[in-house]
Amino acid sequence: MIITIDGPAGTGKSSTALAVAERLGFDFLDTGAMYRAVALEAIRRGVKLDDTRELAFVARHCRIAFDWGKHPPGVLLNGEPVGHLLRSGETTRAASYVAVVPVIRELLVTEQQRIGRERGNIVTEGRDQGTVVFPEAQFKFYLDATPAERARRRVAQLRARGEIVDYNEVLNQIVARDHRDATRAIGPLAVPPGATVIDTTTLSEGQVVDKIVATVKGNPAK
Ligand code: DC
């Protein structure tokens with residue numbers, strides 16, 4: 001069974017998808033980590049982020065894999081565990097360049113579909129999982145929240161890490177990123193047909209997880 005969870009950044013998709021996977025005994029596929037791993041490799045090779053041909057070359061010549069024995073699954077780049085390196089500001093920024101290159105999206109989409117076939121039961125999380133990668137998924141969810149709430153969560157997260165941040169700046173970045181994500185040519189962020197939309201603005205993560213698990217358990221697989 002495949003369960004897709006899509007939505008913009010700041011809706012708690014990753015932690016929600018991981019918790020749902022835990023509750024159901026499914027594997028958790030973090031597709032953003034794959035774009036981030038390509039970005040890390042590009043940074044290591046000193047590739048310019050606007051050089052789409054070089055970025056595509058890097059993506060073709062690196063090996064990204066998951067260690068399914070770990071929870072959450074470990075991310076391996078050419079065999080090296082890199083999970084702890086993928087969430088830095090530099091990698092996050094580079095990933096947003098990597099994610100707009102059509103050839104790279106094709107490569108990673110094919111790989112995600114292969115993982116889905118191989119693992120069988122997965123909760124997969126990203127921007128295009130229910131629309132492009134697994135349109136036949138049994139259950140599709142789309143998490144949303146107001147930009148103001150997502151900015152508030154992001155600011156709290158960064159401040160907890162000791163960073164000094166300005167709320168309005170974060171909000172402007174979120175609005176700009178939403179626009180880029182929704183208007184890109186391939187795999188744009190969109191609500192998949194037939195998806196259950198959950199507005200998380202006033203919900204705790206636990207409440208969102210409960211809703212998803214209840215929907216899945218209450219509706220036998222098609
Ligand atoms: O979800 P995330 O923040 O880890 O995603 C990292 C980047 O990859 C971000 O720029 C969005 C992009 N992405 C994507 O385009 N498609 C996906 N399925 C997952 C992530």
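Counting starts at 1 for both ligands and their atoms, in listed order. Excluded from the calculations below are hydrogen atoms, water molecules and symmetry mates; all remaining heavy atoms, backbone and side chain alike, are included. On a predicted model such as this, the values are computed, not experimentally measured, just so you know.
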I need the contact type for R180 against ligand 1. Using non-hydrogen atoms and a strict under-4.0 Å cut-off, is it side chain, backbone, both or neither?
neither
In one Ile/Leu/Val/Met/Phe/Trp/Tyr side-chain cluster, 4.5 Å: L29, F139
no
Looking only at distances, can you tell me whether any N or O atom of D128, backbone or side chain, sits closer than 3.5 Å to an N or O atom of ligand 1?
yes
State the atoms of ligand 1, each with its element, that fall below the 4.0 Å cut-off from a heavy-atom position in Q129.
18 (N)
Please determine whether any non-hydrogen atom of Q112 lies less than 4.0 Å from an atom of ligand 1.
no
G10 and R153: which non-hydrogen atoms are nearest, and at how many Å?
O-NH1, 3.1 Å
Run the contact test for R177 against ligand 1 with a 4.0 Å cut-off on heavy atoms, strictly below, and give the result.
no
Looking only at protein heavy atoms, which one is nearest to atom 19 (C) of ligand 1, and how far off is it?
T31 OG1, 3.4 Å
Indicate, with yes or no, if F141 and V132 share a hydrophobic cluster defined by side-chain heavy-atom contacts under 4.5 Å among Ile, Leu, Val, Met, Phe, Trp and Tyr.
no
May I ask you to identify the nearest protein heavy atom to atom 16 (N) of ligand 1, giving residue, atom name and distance to one decimal place in Å?
R105 NH2, 3.1 Å
Salt bridge check, E80 against R44: does any charged N sit closer than 4.0 Å to a carboxylate O?
yes
Protein contact of atom 9 (C) of ligand 1 - nearest heavy atom, named by residue and atom, plus distance
R127 NH2, 3.9 Å
Report the nearest protein non-hydrogen atom to atom 8 (O) of ligand 1: residue, atom name, distance rounded to 0.1 Å.
Y35 CB, 3.6 Å
Does R87 come within less than 4.0 angstrom of ligand 1, counting non-hydrogen atoms of the residue?
yes
Of the protein's non-hydrogen atoms, which lies at the shortest distance from atom 3 (O) of ligand 1, and what is that distance?
R36 NH2, 2.9 Å
Looking only at atom types and distance, does a side-chain atom of R87 sit under 3.5 Å from a main-chain N or O of T92, one as donor and one as acceptor?
no
Test of proximity, D181 against ligand 1: N or O pairs below 3.5 Å
no
From the list L171, V170, V165, side-chain contact (heavy atoms from CB on, under 4.5 Å) partner of Y167 resolves to L171
Using a 4.0 Å cut-off to any heavy atom of S96, which atoms of ligand 1 qualify?
10 (O)
H71-E22 side chain donor-acceptor pair, cut-off 3.5 Å
yes
D181 side chain vs L189 backbone, donor-acceptor pair below 3.5 Å:
no
Considering heavy atoms of the protein only, find what lies nearest to atom 20 (C) of ligand 1 and give residue, atom and distance to 0.1 Å.
G32 CA, 3.6 Å
Same cluster for V38 and L85 if Ile/Leu/Val/Met/Phe/Trp/Tyr side chains link at under 4.5 Å?
yes
Identify the protein heavy atom lying closest to atom 12 (C) of ligand 1, giving its residue, its atom name and the separation to 0.1 Å.
A99 CB, 3.7 Å
Is there a donor-acceptor pair closer than 3.5 Å between any side-chain N or O of T200 and the backbone N or O of D144?
yes
